[in-house]
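Here's the structure we're looking at; comments come further down.
Since the model is a prediction, treat every value here as computed from it, not as a measurement. As a basis for the values below, the full set of heavy atoms in this structure was taken, side chains included, without hydrogen atoms, waters or symmetry mates.
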Amino acid sequence: QVQLEESGGGLAQAGGSLTLSCAISGEIDRTTCLGWFRKPPGKTREGVATLRRGETHYKDSVQGRFTISTDSAKNTLYLQMDRVQREDTAMYYCAMGRANYCRLDERDFTVWGQGTQVTVDS
């Protein structure tokens with residue numbers, strides 16, 4: 001049973017950077033779909049970035065600013081957030097799935113972390 005635990009959230013100034021981490025306990029491999037989602041205040045949860053077999057996908061509004069990556073040795077998923085904007089304020093969740101698809105869609109993911117809060121102050 002895979003378990004996920006996020007860390008690294010907090011307060012950032014607009015234009016600054018944050019790095020979120022997701023510790024993965026359990027067995028995964030390159031075919032596993034890993035992703036980051038977020039839930040802004042008053043809105044529904046949305047996909048931010050996904051990674052499988054080295055292929056990444058990003059939400060349009062974070063493309064070029066956020067980077068999803070893994071460290072296999074540490075069994076950790078990361079989300080590097082650069083040039084953050086007030087609109088990036090949200091609870092961020094890491095997620096894992098083993099379905100045929102690996103999209104910015106909650107239905108492709110079956111295991112979720114508890115979330116870490118990111119607040120961007122302008």
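Transitive grouping of hydrophobic side chains (ILVMFWY, heavy atoms separated by less than 4.5 Å) keeps I68 and F109 in distinct clusters. Hydrophobic cluster membership is shared by V118 and L77, with clusters built from Ile, Leu, Val, Met, Phe, Trp and Tyr side chains linked at under 4.5 angstrom. L51 and F37 fall into different hydrophobic clusters, defined by Ile, Leu, Val, Met, Phe, Trp and Tyr side-chain heavy atoms under 4.5 Å apart, directly or through other members.
Taking 4.5 Å as the limit, some side-chain heavy atom of I24 sits within range of a side-chain heavy atom of L34. Q114 has its side chain out of reach of Y93: every pair of non-hydrogen atoms, C-beta onward, lies at least 4.5 Å apart. The closest side-chain heavy-atom distance from V120 to Q13 is not below 4.5 Å. A heavy-atom distance below 4.5 Å is not found between the side chains of C22 and Y78. Annotation: side chain of L104 is not in contact with side chain of Y58 (no heavy-atom distance under 4.5 Å). Two residues are said to be in side-chain contact when any heavy atoms from C-beta on lie closer than 4.5 Å; Q3 and W112 fail this criterion.
Scanning both residues, L79 and A49, for their nearest heavy atoms gives CD1-CB, 4.3 Å. Taking both residues in full, the closest heavy atoms of S122 and A14 are given as CA-CB, 4.1 Å, listed atom of the first, atom of the second, then distance. Of all non-hydrogen atoms in A99 and D108, the two that sit nearest each other are CB-O, 4.2 Å. Of all the heavy atoms in P41 and A90, the pair that sits closest is CD-CA, 4.5 Å. Closest of all the heavy-atom pairs between I28 and V2 is CG2-CG2, 4.4 Å.
Using a 3.5 Å distance cut-off with no hydrogens or angles, the side chains of T32 and R98 do pair a donor with an acceptor.
Here the side chain of R38 pairs no donor or acceptor atom with the backbone of M91 at under 3.5 angstrom. Judged purely by atom type and a 3.5 angstrom limit, D71 uses its side chain to pair as donor or acceptor with the backbone of K74. Between the E6 side chain and the G115 main chain, a donor and an acceptor come within less than 3.5 Å of each other. R107 places no side-chain N or O within donor-acceptor distance of the main-chain N or O of R103, the cut-off being under 3.5 Å. Looking only at distances, a side-chain donor or acceptor of R83 sits under 3.5 Å from a matching main-chain atom of G64. Side chain of T119 to backbone of T89: no donor-acceptor contact under 3.5 angstrom is found.
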Item checked: W36/T50 under side chain to side chain contact (heavy atoms under 4.5 Å, CB included): CA gap, chis, key distance, verdict -> CA-CA 6 Å; W36 287 97; T50 64; over 6 Å; no
Margin query: Under the criterion side chain to side chain contact (heavy atoms under 4.5 Å, CB included), I'd like the reasoning laid out for T110 against M96: C-alpha separation, chi angles, the key distance, then a yes or no.
Written below: CA-CA 6 Å; T110 55; M96 184 217 77; 4.3 Å; yes
Next item on the list: Give the C-alpha distance, both sets of side-chain angles, the deciding distance and a yes or no for side chain to side chain contact (heavy atoms under 4.5 Å, CB included) between T70 and T76.
Entry: CA-CA 6 Å; T70 58; T76 301; over 6 Å; no
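Using cut-offs of 30° and 60° on the angle between ring planes, the pair Y92 and F66 is tilted.
We find the OG-CG distance between S7 and L20 to be 8.0 Å, quoted to the nearest 0.5 Å.
Counted within 6.0 Å of CD on Q117, heavy atoms from surrounding residues, nucleotides or ligands total more than 12; the atom is thus considered enclosed.
Salt bridge absent: R86 and D121 never bring a charged side-chain N and a carboxylate O closer than 4.0 Å.
For residues 47-64, the set of pairs meeting the salt bridge (charged side-chain N to carboxylate O under 4.0 Å, His left out) definition, not counting sequence neighbours, comprises E46-K59.
Residues satisfying the side chain to side chain donor-acceptor pair (under 3.5 Å) test with Q80, not counting sequence neighbours, are T19, D82.
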